[in-house]
Colleague: 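Take a look at this one; I'll ask things after.
Residues: numbered from 1 along the sequence shown. Atoms within each ligand, like the ligands themselves, are counted from 1 in listed order. Predicted model, so just to flag it, every value in this text is computed and none were measured.
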Amino acid sequence: MSTPSIAQPLVAPPALSSPDLSSPAGQEELTIARVALPVAAPQTFDYRIPPDQTVLPGSLVQVSLTGRKHVGVVVGLSAHSDIDASRLLPIETIYPQPPLPVDIRRLVKFVSDYYQSTLGMAYSLAVPPLSAYPTPPKITIQPLALTETGREQLNAHFEQLGKRSATAWRALWEIVKTGDAISIAQQQAFSIAQKKYLRDWRAVGWLAPADAIEAPQFPPLHAEQRAAADAIAAALGSFQSFLLQGITGSGKTEVYLTLARDIVAQGGQVLILLPEIHLTPQFLARIRTRLPGVETALLHSGLPDGERLYHWQRAAEGRAQLVLGTRLAVFTPLPNLALIIVDEEHDASFKQQDNVRYHARDLAVWRARVRQVPIVLGSATPSLESYHHAQRGRYQHLRIQQRADPQAALPRLLLTPATHAKSANETADDDSRHGIAPLLWDAIETRLARCEQSLIFINRRGFSPSLKCNACTWEAQCPHCSARLVLHTRPTRLRCHHCGLVQGVPERCPSCGNLDLLPRGHGTQRLEAALTQAFPSARIARIDRDSTRRRHAFGAFHSQITDQKIDILIGTQMLAKGHDFPRVTLVGVLGADNALYSADFRATERLTALLHQVAGRAGRSALAGEVIVQTDFPTHPLYETLVRHDYDSFARTLLDERRAAHLPPFSALALLAAEARDDEALNTFLRDAHQQAQKLDNPDDLVRIYPPVPATLVRRAGYNRAQIVIQSHDRRALQHFLMAWQPGLDALRTKQVRWAIDVDPLQI
Ligand code: ADP
Ligand code: ZN
Ligand code: ZN
């Protein structure tokens, strides 16, 4: 037996580098598999298919590359390899999971071309966590009863198999077919085999919690909801994009669920994407009450691998009819896909910020086109991209203007000066109010007296964003980043929010020795401390990334809030998204003006969306709501339109600005972002890259290349950062340009400089 060499073809001939999605016809035996691997090298790799085993394009396999094991995807089969047969390694494992279907492979190819990643890296997005053994999700014991589907399916099975079916199976069928609920006690007394069937049947939706089955009631849709649902239903079976614009609480989710019910009844699958893991439990609960018998696959990175693999498989086999997940779920194989829904479509979390920088919403639209199914983008505050498409008629614009619950009036919006921002020097007197304006202060007191909830929103975690010396100009700076250190309490530390550095707080000023070091500005912890002191009997909770680090922590907060065990909530943007807190009647917003100073052209768009979302948190039930925003620029169009609940006017204003400045969505951008410890290496790299770019074929000068500039955060974790912006009015020209640039950039690769291309960057 010859020992295969460990080395694999790192320099494959050009013929191999382009993925071969179809197997060539002919008589010769296809014994070679071309495999895409999650590595930085652009080409695919050849492996021997073990005799007597079958692989298909899309098969998931494990192979070795330079001594390391990788999970890869077979992208083509061949009879020949340019690698000597004796040097070819065999495929080590062929996973039993279904191969990635052709639409997923096309999607991946598109990702690799459009976002300038290697095919292997793009494929890694579509690969489920295969090292895990599929584990069905844990199901808590509840009284169960037969669903309609369950009755049909089990009846059919029984008619086919009758007495030949397993004893445990038959015994269980005799019990469930009466239609009576099976109590917890009954379930516990079952044999192991019966318990297994019980789990299986529940997983496929043949059994469902008994209480849910009795009341799967849908509210009758009101006219605007009906019109939206009808328009979308009419498009089933073809590609059409819809922008469903409706304020929070207008009943968008009911529209989704009504559509899902009808699609599922006809055997179709619905893919629902949400921007945040935290939003999935709430959505899942709504699915469970409305569509109790429907198997739902949950897909996000917070799940244990085995569970995620199980859900992926159920979806890929067409068994789970609803698929609910975060951006990674856009790559789930769905044989019976009929509709895609992207809720909160404006949310920046749909864009991945590292490795392959894809945007899941944009990919969802692409996938809907390939699969010829309709897609619904839902939001109270559509992204300017989607809004623009809707204005031009590329997306059908559906609106829900009224709130579903007529009692829930829109909250009243008030602007009040940001007191603390005004004082040049924060005196003890200012500090006692902790940056909270008197109007807001009073409003909180009123809510406490009425046993209603208040939500105070500030987009800064920690105690205070800065620590300064009272005698000289010293301010705590991160030694590795161009950023201030943030003061945190419990434990008292200085932390860098960019590189994670943690330091003790100096006892005296390192510069002049003064003992008087003052925290400047407010974060969530400082507000919490101030409000706790001012209202000792109030129950206060702080919700930010620090307080919700543990798994399930957010869920626990959520139930405490709905159960009215909390009076005042202090939180960052985590709180702004899609959550339904019916007893919140006051929302206070602090520090909003910061975004107006930002260099990022999207900052105002993001702030606007955020403020409209936060405002939507107040008064969602019969209790009237009030929103108080602290600002020093009350006449800014952003705030003026906010007060009128008029997102559309402001969106149009912003679009006019973008058009004038040739910014997205009126042009496409890409970024070559680079960083290096050594400034010289960074500058050389970007200068060379820039020169290369200028020499590239650029017909009609469709692509504009800007000179290198420092990034907004000039230094992070000891790396200096800079970038080159590329812009074009022609997306395709931009893509071709970037593809032509890649080999040159690869040739400039050095150990010193890290770089990445970000297409359609959300942060500049
Ligand atoms: P959105 O998704 O737009 O925030 P939801 O679908 O969550 O809105 O609706 C808000 C609330 O109003 C929910 O409690 C929902 O059950 C209820 N609701 C929605 N549509 C109707 C309707 N047509 N009749 C009665 N209640 C409704
Ligand atoms: Zn000092
Ligand atoms: Zn730092």
Colleague: Rounded to the nearest 10°, what angle sits at the Zn ion (ligand 2) between SG of Cys509 and SG of Cys512?
Modeller: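 Output for this angle: 110°, rounded to tens.
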Colleague: Side chain, backbone, both or neither: which applies to Thr253 and ligand 1 if a contact is any heavy-atom pair less than 4.0 Å apart?
Modeller: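 Looking at Thr253 and ligand 1, atoms from backbone and side chain both fall under 4.0 Å.
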Colleague: Any atoms of ligand 1 less than 4.0 Å from a non-hydrogen atom of Gly251? List them with their elements.
Modeller: 1 (P), 3 (O), 5 (P), 6 (O), 8 (O), 9 (O), 19 (C)
Colleague: For the residue pair His488 and His497, does the interplanar ring angle fall in the parallel (under 30°), tilted (30 to 60°) or perpendicular (over 60°) class?
Modeller: perpendicular
Colleague: Check ligand 1 against Pro220 and write out every atom of the ligand that is under 4.0 Å from a heavy-atom position of the residue.
Modeller: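 So the atoms of ligand 1 that pass are 22 (C), 23 (N), 24 (N).
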Colleague: With a 6.0 Å cut-off (strictly less than), is the heavy-atom count around CD of Gln401, excluding the residue itself, greater than 12?
Modeller: yes
Colleague: Just jot down the ligand 1 atoms closer than 4.0 angstrom to any heavy atom of Ser250, in number order.
Modeller: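 In order of numbering, the contacting atoms are 3 (O), 8 (O).
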Colleague: Taking only heavy atoms of His222, which atoms of ligand 1 are found under 4.0 Å from at least one of them?
Modeller: 23 (N)
Colleague: Among Arg226, Arg286, Gln282, Arg290, which one puts a heavy atom closest to atom 13 (C) of ligand 1?
Modeller: Arg286
Colleague: Taking both backbone and side-chain atoms into account, decide whether Cys481 has an N/O/S atom under 2.8 Å from the Zn ion (ligand 3).
Modeller: yes
Colleague: Within Cys496, is some N, O or S atom less than 2.8 Å away from the Zn ion (ligand 3)?
Modeller: yes
Colleague: Is it the case that atom CD in Gln503 sees more than 12 heavy atoms from other parts of the structure closer than 6.0 Å?
Modeller: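 Yes, because the 6.0 Å sphere around CD of Gln503 holds more than 12 heavy atoms from other groups.
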Colleague: With a cut-off of 2.8 Å, does His498 place any N/O/S atom under that distance from the Zn ion (ligand 3)?
Modeller: no
Colleague: Can you check the angle at the Zn ion (ligand 2) formed by SG of Cys469 and SG of Cys472? Round it to the nearest 10°.
Modeller: 110°
Colleague: Is the shortest side-chain N to carboxylate O distance from Glu475 to Arg520 below 4.0 Å?
Modeller: no
Colleague: Hey, which atoms in ligand 1 end up nearer than 4.0 Å to a heavy atom of Ile247?
Modeller: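 Numbered from 1, ligand 1 contributes 3 (O).
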Colleague: Report yes or no: do Thr381 and Gln613 form a side-chain donor-acceptor pair below 3.5 Å?
Modeller: yes
Colleague: For residues Cys496 and Val486, determine if any side-chain heavy atom of one lies less than 4.5 Å from a side-chain heavy atom of the other.
Modeller: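 Counting from C-beta outward, Cys496 and Val486 never come under 4.5 Å.
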Colleague: Do the non-hydrogen side-chain atoms of His612 and Phe650 ever get within less than 4.5 Å of each other?
Modeller: no
Colleague: Does the side chain of Ser649 reach to within under 4.5 Å of the side chain of Asp646, using non-hydrogen atoms?
Modeller: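 Yes - at least one pair of side-chain heavy atoms lies under 4.5 Å apart.
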Colleague: Could you name the option among Glu224, Glu254, Lys252 that has the heavy atom nearest to atom 16 (O) of ligand 1?
Modeller: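 It is Glu254 whose heavy atom sits nearest to atom 16 (O) of ligand 1.
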Colleague: Without hydrogens or angle criteria, can the side chains of Glu345 and Ser383 be said to hold a donor-acceptor pair below 3.5 Å?
Modeller: yes
